[in-house]
Amino acid sequence: MEYVNDLRRKTPQDRNPLGKFKDATAIIPDRLTFRWWQLLCAVSVGNIVLWSLAAQGMLWESDGYRSQQLALSGLFVAACAFRSILPRVDLERMCFWDVPLSSVIVGRTVATVAELCFAWQCALLLFKLSALTGSSVIGAIGLAVLPIIVVAELACWFAVATLNHIWHAVEELLWSIMVGLVAGGLMLYWRYTAGALPMWVPIGLIACAGTAALILMVDIPVYITRWRIGKRAGLRYLRVVEGLKDAVVRRRVTQTRDDWQKEVLWMSLYFSAGVWVSLGIIFV
């Protein structure tokens, strides 16, 4: 992990300003990695088209719920397209293209807005199910969704600022709790349907199960492993202000397969299936 070695060389007495160690390496093109990036971009264009068609179909609708869902989904779709075009990995300060918008601080801000919008979508869905069934429990679950994700985003920012992967593990754990709550809300709604089960309910439960499995079996173990590697390497974590400055200026540009292969799974699913869930919620 290059960033670990880089930070180990830094000491509190290091007088070099952060702006002077922008860690931009030469790009070594890898055809397979480049094709993967092109696929992400193509999927993102398709997602924008799908959202535009949904917006066109709802242009004259006065349904407040769908209007809110459409706006929130639009922000999520746009943010995921941005992150697909300019992929980056926050703690490793790694990016695909050496442009100012590849700054970690920019990408993380866009991601935060998008993820809060998605959580808001889930909360609105649960509020609607609560109104349809008269279940106060589903409504209470809806009230819990957004605060949990706000805390998750704060944990993520602590990870970005300090370079401590354990905060990413905390973030992912909170997301898994949120997903579990949404699944619980769908199960409660199922009880109230008296057998007339809409198709989107089992699809939603499958999506929740798949997301939870990915988080608990892949994401969290990866972050814990990276945290342990950093701990064994004697990584000096950054102070929050120092880390935020570092996130503004430092990035390591690479297109090599070895650097991106561990990110392919979650990015591919996030920027495709994750966006499709956001789009699907509009029509519930």
Side-chain angles (χ1 to χ4, degrees), residues 1-7 18-49 51 75-115 117-118 153 156-157 159-161 163 165 167-168 171-172 214 218-219 222-223 225-226 229-230 238 243-276 278:
M1 297 176 67
E2 182 174 335
Y3 84 101
V4 172
N5 296 327
D6 177 53
L7 288 170
L18 288 169
K20 292 185 179 180
F21 62 83
K22 174 180 152 183
D23 191 10
T25 62
I27 297 177
I28 304 174
D30 178 272
R31 179 173 296 181
L32 186 61
T33 306
F34 190 72
R35 294 290 182 237
W36 166 71
W37 172 76
Q38 289 180 314
L39 179 61
L40 287 184
C41 293
V43 169
S44 295
V45 171
N47 290 337
I48 291 172
V49 170
W51 182 87
L75 290 171
F76 188 75
V77 169
C80 288
F82 174 86
R83 297 174 68 191
S84 296
I85 295 169
L86 297 174
R88 72 190 203 291
V89 184
D90 291 338
L91 271 67
E92 285 74 6
R93 303 297 195 251
M94 185 172 78
C95 63
F96 208 80
W97 301 109
D98 188 16
V99 297
L101 288 178
S102 289
S103 168
V104 169
I105 206 79
V106 173
R108 187 64 249 161
T109 300
V110 171
T112 299
V113 172
E115 288 167 357
C117 286
F118 182 78
E153 294 302 318
C156 184
W157 276 99
V160 171
L163 301 183
H165 278 101
W167 287 108
H168 265 332
E171 176 204 6
E172 294 298 322
L214 180 66
V218 178
D219 293 347
V222 165
Y223 289 131
T225 298
R226 291 177 180 178
I229 291 173
L238 302 180
L244 291 176
K245 290 179 180 179
D246 178 62
V248 171
V249 299
R250 184 165 67 93
R251 55 184 177 269
R252 181 169 66 90
V253 184
T254 175
Q255 292 179 2
T256 62
R257 189 179 312 181
D258 289 345
D259 286 327
W260 287 99
Q261 62 183 356
K262 292 182 180 179
E263 318 301 331
V264 167
L265 178 61
W266 77 263
M267 283 189 174
S268 300
L269 291 174
Y270 189 118
F271 300 141
S272 59
V275 176
W276 300 335
S278 173

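Numbers here simply count residues along the sequence, with the first being 1. Computation of the quantities below employed the complete heavy-atom set of this structure, encompassing side-chain atoms and omitting hydrogens, waters and symmetry-equivalent molecules. Please read all numbers here as calculations on a predicted model, not as lab measurements.
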*Please step through side-chain contact (heavy atoms from CB on, under 4.5 Å) for the pair K262 and E92, ending with a clear verdict.*
CA-CA 12 Å; K262 292 182 180 179; E92 285 74 6; over 6 Å; no

*Report the distance from atom CH2 of W276 to atom CG of L269, rounding to the nearest 0.5 Å.*
9.0 Å

_Verdict with reasoning, R93 to V160, per side-chain contact (heavy atoms from CB on, under 4.5 Å)_ = CA-CA 9 Å; R93 303 297 195 251; V160 171; 4.1 Å; yes

_Distance check, rounded to the nearest 0.5 Å: Y270 atom OH versus S84 atom OG?_
10.0 Å

*Please work out whether the ring planes of W97 and F34 are parallel, tilted or perpendicular, with thresholds of 30° and 60°.*
perpendicular

*CG of L265 to CG of L214: how many Å apart, nearest 0.5 Å?*
5.5 Å

*After noting the C-alpha distance and the side-chain angles of M267 and W260, does the key distance pass the side-chain contact (heavy atoms from CB on, under 4.5 Å) rule?*
CA-CA 10 Å; M267 283 189 174; W260 287 99; 3.8 Å; yes

_Value rounded to 0.5 Å, distance of CZ in R83 from CZ in R108_ = 5.5 Å

*For side-chain contact (heavy atoms from CB on, under 4.5 Å), just list the numbers for R88 and E263, CA-CA rounded to whole Å, side-chain angles, deciding distance to a tenth of an Å, and then say yes or no.*
CA-CA 9 Å; R88 72 190 203 291; E263 318 301 331; over 6 Å; no

*asked:* Return the CG to CG distance between D246 and L163, rounded to the nearest 0.5 Å.
replied: 6.0 Å

*Nearest 0.5 Å please: distance from the CZ atom of F76 over to the CG atom of N47.*
9.5 Å

*Please assess W36 against S268 for the test side-chain hydrogen bond (donor to acceptor under 3.5 Å, both in side chains), listing each intermediate value before the final yes or no.*
CA-CA 9 Å; W36 166 71; S268 300; 2.9 Å; yes

